[in-house]
Novice: 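The following block contains the structure, expressed as structure tokens.
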Protein chains: 2
Amino acid sequence: MHFNKLINTIKERRENLKVNQENLAKLSGVGLRTLKQFESGKGNPTLQTIQKIADVLGLEVCLKVKTEITNEDGKNSL
Amino acid sequence: MHFNKLINTIKERRENLKVNQENLAKLSGVGLRTLKQFESGKGNPTLQTIQKIADVLGLEVCLKVKTEITNEDGKNSL
DNA sequence: CACAAAAGTGCATTACACCGCACTTTTGTA
DNA sequence: TACAAAAGTGCGGTGTAATGCACTTTTGTG
């Protein structure tokens, strides 16, 4: 399972805010090990973990209707 | 931790599509017990579990910037 | 109300998320 | 290139998510 989109959003947001993993871990209350694992594309985090991280970054988890058309590569056309 | 917004989105979407928990469980590959637990607001599902369910319902998990203003009750003003 | 379908719960097992610690690798800047 | 900060990884303990099964409760329709 690939969470690349979510991961990149988190990672980019964190970097834009000039926060390193260590500080984000402390601010969010998520273990540094867990955060590292998530950002490096390994784990399968729980919703709670994602929420904690997103919250500190001023993001929120949401569900939107999939309306996008994907091409044969499975990548978005947009 | 309250995932009410996510839960309601899933539940409403499922009901609009006239699918019961049992079929959604089968279609998504998520255990019925897990789905029930999630929809009844108990558990703390993993991202993979949410993705599987959302996928079947034509939804996708995303992160958006929190721009909403909250009042002193911590509830959205909107 | 009566009954059936759907939703919710208790229990037990298995797998794995979370986490700290110590270490290696990568990145970026002088 | 040399060095420090940041990012990534192996190990191992603890807690809990995922799951099936059997049961109870709720919902909705005649």
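When reading the values below, keep in mind they use all heavy atoms of this one structure, side chains included, and skip hydrogens, waters and symmetry mates. What you are looking at is a predicted structure, and each value in this text was computed from that prediction instead of being measured. Throughout, a chain's letter reflects where its sequence line sits, starting with A, and its residues are numbered from 1.
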Novice: Whole angstrom is fine here: how far is it from CD in A:Gln48 over to P in D:dA18?
Specialist: 12 Å
Novice: For C:dA17 and A:Thr34 - does any side-chain N or O of the residue sit under 4.0 Å from the phosphate oxygens OP1/OP2?
Specialist: no
Novice: Atom CD1 in B:Ile10, atom CG in A:Leu63: separation rounded to 0.5 Å?
Specialist: 5.0 Å
Novice: A:Arg13: what forms a salt bridge (Lys or Arg N to Asp or Glu O under 4.0 Å) with it, not counting sequence neighbours?
Specialist: none
Novice: Specify the angle, to 10°, made by the local axes at the two ends of the helix from C:dC1-D:dG30 to C:dA30-D:dT1 when five pairs are taken at each end.
Specialist: 70°
Novice: Just the atom pairs and distances: protein N or O near nucleotides 3-5 of chain C's N or O, under 3.5 Å.
Specialist:
none

Novice: State which residues pass salt bridge (Lys or Arg N to Asp or Glu O under 4.0 Å) with B:Lys11; sequence neighbours excluded, sorted by chain then number.
Specialist: none
Novice: Might you point out which heavy atoms bring A:Gly43 and A:Phe3 nearest each other, and give the distance in Å?
Specialist: O-CE1, 3.8 Å
Novice: In this structure, which one of B:Val56, B:Leu24, B:Ile53 forms a side-chain contact (heavy atoms from CB on, under 4.5 Å) with B:Val30?
Specialist: B:Ile53
Novice: Between the protein and nucleotides 20-22 of chain D, which nitrogen or oxygen pairs come in under 3.5 angstrom?
Specialist:
from   : atom 1 : to      : atom 2 : distance (Å)
D:dG20 : O6     : B:Arg33 : NE     : 3.3

Novice: To the nearest 0.5 Å, tell me how far B:Thr49 OG1 sits from B:Asn44 CG.
Specialist: 10.0 Å
Novice: Locate the shortest heavy-atom distance separating B:His2 from A:Gln51; write the atom from each residue and the value.
Specialist: O-NE2, 4.1 Å
Novice: Between B:Glu39 and A:Gln37, which is nearer to the 5' end of DNA chain C once each is assigned its nearest nucleotide?
Specialist: B:Glu39
Novice: What pairs meet the salt bridge (Lys or Arg N to Asp or Glu O under 4.0 Å) rule with one or both residues in residues 31-41 of chain A, with sequence neighbours excluded?
Specialist: A:Arg14-A:Glu39
Novice: So which one's nearest nucleotide on DNA chain C is more toward 5', B:Thr46 or B:Glu15?
Specialist: B:Glu15
